[in-house]
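Just below is one structure, and these are the notes that go with it.
As the structure is a computational prediction, the values presented were derived from the model and not from experiment.
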Amino acid sequence: MITILNIETSTKNCSVSLAQDGLLLEVKEIAEENFSHAEKLHVFIEELLNSNKLEFKDLSGVAVSQGPGSYTGLRIGVSSVKGFCYALNIPMIAIDTLEILARQVKTQDAWIVSMIDARRMEVFCAIFDSSYNTVREIQANVVEPGSFDSLPLDKKIYFLGDGAPKCQEILQTENTVFLLDNLYPSAREMVEVSYQKYLDKDFVDTAYFEPFYLKDFVLITKKNK
């Protein structure tokens, strides 16, 4: 029995799922403005294990969302996963955050544009086909008219993520669909990917792995009046 804990903390959503042999057992998550990851993450993990009558020693591996996203959120998730993997001597699995988000869209033939808010009119963005193959690699994009003109208009284009609402007026065409209820990536969509990566032995080096921030962290301080 392959038991994998999945952790997604790259946005406001603190999300944890537990799966066995690629099937979801349970997920716990909460999205709050004040980023409660540090308080909620380990509570969720213990609750999931307890409710499914499992212990840490039963875990085969732990998967984490690797970014891009919130600097603080990613650090909390990755440092926690590293701790588990070191202590339990089990493999660490890293999954692209924007692919996790894209997997909320179930469609036969469309483009999927995953967006994470990067403040002002900028987003972290990647484009996938309906099989979740990467069509355009992750970029930091300023949202403006023509930003996605390179996409063929022969099929629908789904925009989702917390960066999508700021794009709705600028990028609206007959082919675009904005999924404004699908704002944050969830550990629910990590289950299938982490299981396949485990079978393929597609692991990362626990000692040297770092989150994919895409942009350098910038500390903003308020000026004294």
Side-chain angles (χ1 to χ4, degrees), residues 4 6-11 13 15 17 19 22-24 27 29 63-70 74 93-118 121-204 211-215:
I4 298 178
N6 301 283
I7 294 176
E8 163 56 72
T9 57
S10 65
T11 64
N13 194 30
S15 180
S17 69
L23 298 176
L24 178 68
V27 62
E29 57 190 355
V64 67
S65 175
Q66 69 180 12
S70 157
L74 289 170
I93 300 165
I95 305 175
D96 172 59
T97 299
L98 289 170
E99 180 184 346
I100 296 169
L101 182 59
R103 285 177 174 270
Q104 294 188 25
V105 180
K106 311 298 181 186
T107 180
Q108 293 297 316
D109 190 26
W111 305 117
I112 304 169
V113 183
S114 297
M115 292 181 162
I116 292 177
D117 188 11
M121 286 305 290
E122 192 171 33
V123 295
F124 299 141
C125 173
I127 303 174
F128 303 87
D129 64 19
S130 54
S131 298
Y132 313 114
N133 298 307
T134 303
V135 175
R136 198 190 74 182
E137 296 290 342
I138 298 168
Q139 298 178 8
N141 285 120
V142 175
V143 178
E144 55 190 1
S147 293
F148 297 92
D149 284 354
S150 60
L151 279 177
L153 298 178
D154 58 337
K155 56 183 75 172
K156 286 190 177 296
I157 305 172
Y158 289 87
F159 290 87
L160 77 163
D162 63 352
K166 67 173 65 173
C167 308
Q168 192 169 15
E169 291 185 10
I170 296 175
L171 303 179
Q172 188 73 51
T173 69
E174 292 182 359
N175 284 30
T176 56
V177 179
F178 284 84
L179 303 177
L180 301 183
D181 292 332
N182 305 62
L183 292 180
Y184 306 113
S186 168
R188 185 186 303 273
E189 279 72 43
M190 296 175 68
V191 170
E192 181 181 345
V193 184
S194 62
Y195 179 61
Q196 189 59 54
K197 281 179 173 281
Y198 186 92
L199 294 178
D200 295 339
K201 300 188 185 307
D202 185 1
F203 309 137
V204 297
F212 177 49
Y213 298 116
L214 189 58
K215 294 177 65 177

Would you call [X] and [Y] a side-chain contact if the rule is heavy atoms closer than 4.5 Å?
X: Glu122; Y: Val143; result: no
X: Ile112; Y: Ile127; result: no
X: Leu74; Y: Phe212; result: no
X: Met121; Y: Lys166; result: yes
X: Asn6; Y: Val191; result: yes
X: Met115; Y: Phe124; result: no
X: Asp129; Y: Trp111; result: yes

Worksheet entry | Nearest atoms (heavy-atom pairs only) where Lys197 meets Phe203 |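 Minimum heavy-atom separation between Lys197 and Phe203: O-CE2, 4.0 Å.
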Worksheet item: Which pair of non-hydrogen atoms, one from Pro68 and one from Ile116, has the smallest distance, and what is that distance?
Response: O-CD1, 3.4 Å
Quick one: [atom1] on [X] to [atom2] on [Y], what's the gap to the nearest 0.5 Å?
X: Ser194; Y: Leu199; atom1: OG; atom2: CG; value: 9.5 Å
X: Ser114; Y: Leu179; atom1: OG; atom2: CG; value: 10.0 Å
X: Leu24; Y: Ser17; atom1: CG; atom2: OG; value: 6.0 Å
X: Ile93; Y: Gln196; atom1: CD1; atom2: CD; value: 10.5 Å
X: Phe128; Y: Asn133; atom1: CZ; atom2: CG; value: 9.5 Å

Worksheet entry | Distance-only polar pair, side chains of Ser130 and Asp109, donor-acceptor under 3.5 Å |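 Note: Ser130 and Asp109 side chains miss the donor-acceptor criterion.
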Discussion item. What I want to check is whether the side chains of Glu29 and Ser15 have a donor and an acceptor closer together than 3.5 Å.
Written reply: yes
Would a distance-only check, ignoring hydrogens and angles, find a side-chain to backbone donor-acceptor pair under 3.5 Å from [X] to [Y]?
X: Asn13; Y: Pro185; result: yes
X: Asn175; Y: Ile157; result: no
X: Thr134; Y: Arg136; result: no
X: Gln168; Y: Ile170; result: no
X: Asn141; Y: Cys125; result: no

Worksheet item: How about Phe178 and Tyr158: are their ring centres within less than 6.0 Å of each other?
Response: no
Worksheet item: Can you tell me if CG on Asp154 sees more than 12 non-hydrogen neighbours from other groups inside 6.0 Å?
Response: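 More than 12 within 6.0 Å, yes.
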Side-chain donor-acceptor pairs of residues 96-104 under 3.5 Å, sequence neighbours excluded:
unit_1	atom_1	unit_2	atom_2	d
Asp96	OD2	Leu98	N	3.4
Asp96	OD2	Glu99	N	2.9
Thr97	OG1	Ser65	OG	2.5
Thr97	OG1	Gly67	N	2.8
Thr97	OG1	Gly67	O	3.3
Glu99	OE2	Arg103	NE	3.0
Glu99	OE2	Arg103	NH2	3.1
Gln104	OE1	Asn182	ND2	3.0
Gln104	NE2	Tyr184	O	2.7

Fill in: Under the salt bridge (Lys or Arg N to Asp or Glu O under 4.0 Å) test, residues paired with Lys156 that sit two or more places apart
none
